[in-house]
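The structure appears right after this line, and notes come after that.
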Amino acid sequence: MLDLLLSTLLDLLTLKHMTFMMVGVTVGLVIGVLPGLGGIAGLSLLLPFIYGMDQTSALAMLIGLVAVVPTADTFSSILMGIPGSSASQATVLDGFPLARQGEAARALAAAFFASMLGGMFGAIVLTAAVLAARPIILAFGSAELFMLTLFGLSTVAALSGGNLAKGVAAACLGLAFGMIGAAPATGEYRMDFDTLYLSDGLPLVIVGLGIFALPEMFDLLRGGGAIAKQGQSLGRGWFQGVRDVIRNPGLVLRCSGIGALIGAIPGIGGSVVDWIAYSHAMQTSKDRSQYGKGEIRGVIAPESANNAVQGGALLPTLLFGIPGSGSMAIFLAGMILLGLQPGPAMAERDLGITYTIIWSLAIANLLGTALCIALAPGIAKLTLVRYTLIAPFMVMVLCFAAFQATRSYYDLLALLAVGVLGVFMRRFGWSRPAFLIGFVLSLGAERYLYQAVQFSGWDFLTRPLVLVILALTLLSLWAGLRKSSGSGAINTEGAAEDSRASRMWPQLAFAAVVLGLFVFTFAEGMKNSYLALMFPVAVACVGGACALWVLFWQSRGAVASGSANFDTEAQAKDYGPWPFLGWFLGIVALTGLIGFFAALVLFFLAFLRVVARCPWWQVLVLTGAACTFILVLASSLNLLFPGGVLQAYLDLPWPLR
Amino acid sequence: MTKLHDRTLLGRRTLLGAAGAATFAAPAIAQAPVSFAGRTIEFVIPFAEAGGSDVWARFLAPFLARHLPGQPNVIVRNVPGGGSITGSNDWAQRARPDGSSLFGPSASTHLPFLLGDRRVRYDYANWTPVIVSPTGGVVWVSTRTGITDGADIARLRGQELVFPSQGATGFDLVPILALHLLGLNVRYVFGMRGRGEARIAVERGDASIDHQTTPAYLSQVVPLVQAGQGVPLFSYGLPDAQGVVQRDPSFPDIPTFEEVYQRMHGRAPSGQAYEAYRAASTAAFAGQKPAVLLKSTPAPIIAAYRRAFEAIVADPELKARGEAVLGVYPQAVGDAADSLYRHATTISPEAREWARNFLTTTHNVRF
C-alpha cells in the first residue's frame with residue numbers, strides 16, 4: 001500500500017500532470033471567486049476537454065478544480081457579503097462584517113489557512129477510510145439520515161436571531177419552500193402552480209443568492225460608498241488571521257471532522273455543512289456576543305468544514321458510484337468518460353486511481369491556498385472601490401449564476417421573487433440562515449422519515465445510531481438555546497439596538513404575509529393523498545403558530561412587543577432598497593422583452609450613467625469589459641442566454657439569440 | 001445493395017414529405033453535396049451535466065465531428081428541467097429542420113410520452129432516429145430473502161419483497177410491471193434519489209429487491225453476487241430484428257423476463273399488461289438513447305447523418321474506448337435504428353389505457 005501511495009505521487013509529480021492540475025486549479029479559482037458559481041459550473045466547463053486525455057492528467061485537472069472552489073469562493077463571501085458558492089454561505093455572517101470593519105485581510109488569511117487545513121484533513125480521511133468506509137456508509141440508512149436532518153434543523157435554535165419564534169417560523173418557511181415540486185413518497189406535485197419549472201422544486205443556488213446576495217447588494221448600494229467603511233488600507237492582518245487559526249486547533253479539527261463525515265454520508269449533501277460547523281462554533285463558545293458582528297471563529301469553522309467535505313464526498317462517489325454532491329455527480333461523469341467505473345474495485349484493483357485522486361486533492365489544496373493568498377491583496381482592493389461601480393457586475397454574475405440552474409427565464413423570475421422575500425426577512429429580523437437550513441433539509445427530512453417508517457416501522461427510533469444522533473441533536477438544541485434569551489442573543493440580521501420601530505404596521509403586514517404563506521401551504525398540502533400531505537400540513541401548523549405568536553406580540557404595540565419588534569428601516573431616512581430593487585426589476589423585465597444579453601448592455605449603460613454618474617468613456621469601457629467577460633464565459637459553457645419576446649419573433653445571431 | 005436502394009427510396013419519400021416545409025431550400029441542397037464545414041452542430045440533451053445521457057452525448061460528440069461531412073464543430077447543449085420534459089418541449093417547438101441541431105431524449109422522455117402525460121408537447125412521430133444506443137437491466141434480490149439461485153424465484157411468492165423506487169411513472173415502471181406480471185408480492189418504497197441509493201438500501205438490508213442498468217450492475221452488483229449477497233432474477237433482454245426478446249449480450253447467463261414468466265406460469269406472457277410492459281421496457285432499456293433529427297429535415301441531410309453514424313459505429317476507436325459508456329451492445333443505425341425507435345416510442349391505445357389505470361389504482365398516480 002505504501003509503495004502504491006509513493007508511486008502514484010511520483011506519477012502525479014510530472015510536469016505534464018502538474019500542468020493539467022494547474023489548469024484545474026486556475027479555472028477553479030476564477031469560478032470560485034465569481035459569486036454563485038461553484039464546482040458544478042466549473043466542472044461543466046472542463047468536461048468537454050477531458051476526452052482523449054490520459055487518466056492521471058484528467059483526474060488531476062478535475063480534482064484540482066474541486067479542491068480549490070471552496071477555498072476561492074471565500075473571496076466573495078468575505079469581501080462582498082455574497083456567498084461565493086453554496087459551500088460558504090455561513091462564512092458571510094462574520095466574514096463580511098470583518099471586511100466592513102477593515103479587517104478583510106485577517107478574515108481572508110484565517111479563511112484560507114483554515115480551508116487548507118480542512119482540505120488536508122479531508123485527504124487524510126480519504127486515504128485512511130477508503131479501505132474501510134463501506135460499512136460506515138452502509139450504517140447510515142434512511143432512519144439515520146432522517147435523524148441527521150433533524151440534527152441539521154436543530155441548529156436553527158442557535159441561528160434564529162433575537163427572537164426564537166421568528167427563527168422557527170423562518171425555518172418552517174424554508175421547509176415549505178423546499179416542498180415545492182414532487183412529493184418524495186407519492187410523486188404528487190405540490191405548490192407547483194401546474195408549471196414545469198416548479199415541478200422540479202426551486203433550485204438551491206437561486207434560493208441562496210436571492211435570500212442573501214440580493215438584499216446585501218441593495219443595502220450596499222444604499223450606503224453609497226465602498227464596502228470597507230473606513231477608507232483605509234486592508235489592514236495588516238495577514239499573520240493575525242493565521243494566528244487566529246492556530247489558536248483554535250480544536251475548532252479546526254472538529255469542524256473538519258464534521259465536514260468529512262457529513263460529506264461522506266450520501267443524502268445530506270455539502271450545502272448544510274457550513275451552517276452546522278458555524279452553529280457548532282457558536283454553541284461551543286463561551287462568549288457569543290460577537291457572532292454575526294465579526295467573530296473570527298465564525299469564519300474559521302465553516303471554512304475548515306467546507307474543504308474537508310470534498311475528501312469525504314469522494315468516498316461514496318468512488319466506492320458506491322453515489323455522488324455526495326452536485327459537483328461529485330459531474331466528477332463521476334468525468335470518470336466514466338475516462339473509462340473508469342466507480343465501485344468496490346476502487347478500493348482494490350483500481351486503488352492506484354484512488355490514490356492519484358487523493359494526492360491531487362492534497363496538492364491542489366496547497367496550490368489553491370498559495371494562489372489565493374497571493375491574489376488576495378489585489379482582489380481585496382475591490383472593497384475600496386465605490387460600490388456603484390461593482391454593483392452592475394454583481395447583477396450580471398448573479399443573473400448568470402441563477403440561470404445556470406435550469407437555463408431559463410424563470411430562473412431570473414425566481415431569483416427576483418426570493419430576493420424580495422429576502423429583503424423583507426432581513427429588514428424584519430426573520431433569520432435567513434434558518435430559512436436556508438429549512439429549505440436545504442426539507443425534502444431530505446420528508447423523504448427519509450417516510451422511507452424509514454416504510455422500511456422498518458416506527459421501530460427505527462430504537463436503532464442505536466439513531467439514538468446517538470438523537471442525543472447529539474438534543475445537545476445541540478440545548479447548546480443553541482442556552483443563552484439565546486439573555487443578553488447574549490445572537491442577531492444574524494443586524495444590530496437589535498437600532499431596530500426598535502415605533503411604527504409597527506410594516507412588521508405586522510409582513511408577519512401577516514408569512515402567516516398567509518403558511519395558510520396557503522396548509523391548503524395546498526391538504527389537496528394531496530395522506531402520505532404527501534402530512535409534512536406540508538405539519539410544517540404549516542408549526543410555522544403558522546409561530547407566525548401567530550409573533551403577530552400577537554407585535555400587535556401589543558412597539559414597546560410591549562419586545563424582541564418581536566425589529567425593523568432595520570426604523571431609523572432610515574432614504575427611500576429604502578426600493579429604487580435598487582426597481583433597477584433589478586428593470587433588467588429582469590427587459591430580459592423578458594429583448595433577451596438577456598441586450599438587456600444587460602442597456603442595464604450597464606443606464607446604471608453606470610444614472611446611478612454611478614460615470615463619464616461616458618468609463619461607462620463604455622466598463623460595459624465592454626462586462627460584455628467580453630460574459631461572452632467568453634457563456635461560449636465556453638455553450639450557453640444560450642434566456643430569450644425574450646423579441647427572440648420569439650426574430651431569429652438573431654448567437655449572443656442575442 | 002438492396003439496403004442502399006431502400007435508403008434512397010426512404011430518403012426520397014422523406015424529401016417529398018418535407019417539400020411543403022422546405023420547398024425553397026430543398027432543391028438547392030439536393031444538388032450540392034451536404035457539408036457542415038465551418039458550422040456548429042448542437043447536440044441538445046434535455047438533462048443537466050453529468051448523468052447517463054450527458055455522458056453518452058459527450059462521448060459521441062467528437063466522433064460525430066469527425067465523421068460528419070465537413071468536420072463541423074459539435075457541442076453538447078444541456079437544457080435541463082421538468083425531468084427532461086422542459087428541454088424536449090423546447091426542442092420540439094424551436095428546432096429548425098436544417099440538421100444544425102440533434103436531439104438526445106432518453107427513457108424519462110419516452111415514458112411520459114407513452115403514458116400520455118399532459119405536460120408533454122412533443123411527438124416522436126415528428127422525429128427520425130439516426131442512432132439508437134441500447135442498454136439493459138437486471139432485476140436482482142438480496143440473499144436475505146432466502147434464495148441463493150435465480151431459478152428458485154417461485155419461492156419468493158410467499159413473502160413480501162421491498163423495492164426501493166424513484167417513482168412509479170419513471171424508469172421503475174418497468175420492474176413494477178414485470179413483478180406484477182410475475183405475481184410477486186412487492187411493497188414499493190418511493191422517494192429514492194437514484195438507483196445507487198436503492199442499491200445500498202438492499203445491501204444494507206432495508207430493502208430486498210432492486211434493478212440496475214447494465215454498467216451499474218456490472219460494477220456494483222456483480223461483486224455482491226460474487227460475495228453471496230445478491231442473486232440475479234432476470235434481465236429485460238434485447239429484442240432482435242424481428243422484435244423477439246433475446247438474452248442480453250452483457251449477461252448471457254441471466255434469463256430474460258419472458259423465460260422466467262414461461263417457467264413460472266407455464267405459458268408465454270400476453271395481454272395488455274404484457275404489451276404495456278414491452279412498450280415500457282423497450283422505451284427504458286433497448287431503445288433508451290436515440291439521437292433524432294426533425295423528420296422535416298431535407299433527406300440529403302438526414303442521409304448524411306445516417307452515414308456518419310454508420311461510420312462512427314465502425315470506428316475502431318469507438319470500439320476501443322466505448323465500452324464504459326456504450327457497453328457491449330450493438331449500436332443500432334440505419335434500418336435497425338428505425339425499427340428499435342418505433343418499438344421504443346409507440347404503444348397501443350389499449351395498453352396505454354391499461355397502464356394508466358393500473359398506475360392510478362395501485363399507486364394513486366393522477367394523470
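Chain letters run A, B, ... following the sequence lines, proteins first and then strands; every chain starts at 1.
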Handout entry: Between A/Y189 and B/R366, a side-chain donor and acceptor under 3.5 Å
Key = no
Exercise for the section: Compute the ring centroids of B/W56 and B/F47, then answer whether they are less than 6.0 Å apart. Expected result: no
Handout entry: Under 4.5 Å from a heavy atom of chain B, the part of A/E188 involved
Key = side chain
Practice task
Examine whether an atom of A/F140 lies under 4.5 Å from a heavy atom of chain B, and if so say whether it belongs to the side chain, the backbone or both; otherwise answer neither.
Solution key: backbone
Practice task
Ignoring hydrogens and angles, tell me if any N or O in the side chain of B/R58 forms a donor-acceptor pair with the backbone of A/A333 under 3.5 Å.
Solution key: no
Exercise for the section: With a 4.5 angstrom heavy-atom cut-off, could you sort out which part of A/L319 is near chain B: side chain, backbone, both or neither? Expected result: backbone
Exercise for the section: Give the ring-plane orientation class for B/F251 versus B/Y217, where under 30° counts as parallel, over 60° as perpendicular and anything between as tilted. Expected result: perpendicular
Practice task
Select one option (side chain, backbone, both, neither) describing which atoms of B/N364 are under 4.5 Å from chain A's heavy atoms.
Solution key: side chain
Practice task
Could you tell me which of A/P342, A/S408, A/S456 has the largest number of non-hydrogen atom pairs under 4.5 Å with chain B?
Solution key: A/P342
Completion exercise
Applying a strict 4.5 Å limit to non-hydrogen atoms, the region of B/P223 in contact with chain A is side chain
Practice task
Go through the atoms of A/A185 and report whether side chain, backbone, both or neither lie under 4.5 Å from a heavy atom of chain B.
Solution key: backbone
Exercise for the section: Examine the side chains of A/D411 and A/Y197 and answer whether a donor and an acceptor come within less than 3.5 Å of each other. Expected result: yes
Problem - Engaged part of A/L332 at the chain B interface, taking heavy atoms whose separation is under 4.5 Å - result: neither
Exercise for the section: Using non-hydrogen atoms and a 4.5 Å limit, figure out which bit of B/N89 sits close to chain A: side chain, backbone, both or neither. Expected result: side chain
Exercise for the section: Heavy-atom distances under 4.5 Å only: say whether B/R187 touches chain A with side chain, backbone, both or neither. Expected result: side chain
Problem - Contact class of B/V162 relative to chain A, heavy atoms under 4.5 angstrom - result: side chain
Exercise for the section: Could you check whether the rings of B/F163 and B/Y188 sit parallel, tilted or perpendicular, using 30° and 60° as the cut-offs? Expected result: tilted
Practice task
Sort B/E317 into side chain, backbone, both or neither according to what part of it lies under 4.5 angstrom from a heavy atom of chain A.
Solution key: side chain
Problem - Contact origin within B/V365 toward chain A - heavy atom pairs under 4.5 Å - result: neither
Handout entry: Part of A/Y450 within contact of chain B (heavy atom distance under 4.5 Å)
Key = side chain
Handout entry: Region of A/L196 in contact with chain B, defined by heavy-atom distances below 4.5 Å
Key = both
Fill in the blank from the handout: The interface call for A/A183 against chain B, heavy-atom contacts under 4.5 Å, is neither
Exercise for the section: Answer with side chain, backbone, both or neither: which region of B/L224 has an atom nearer than 4.5 Å to a non-hydrogen atom of chain A? Expected result: side chain
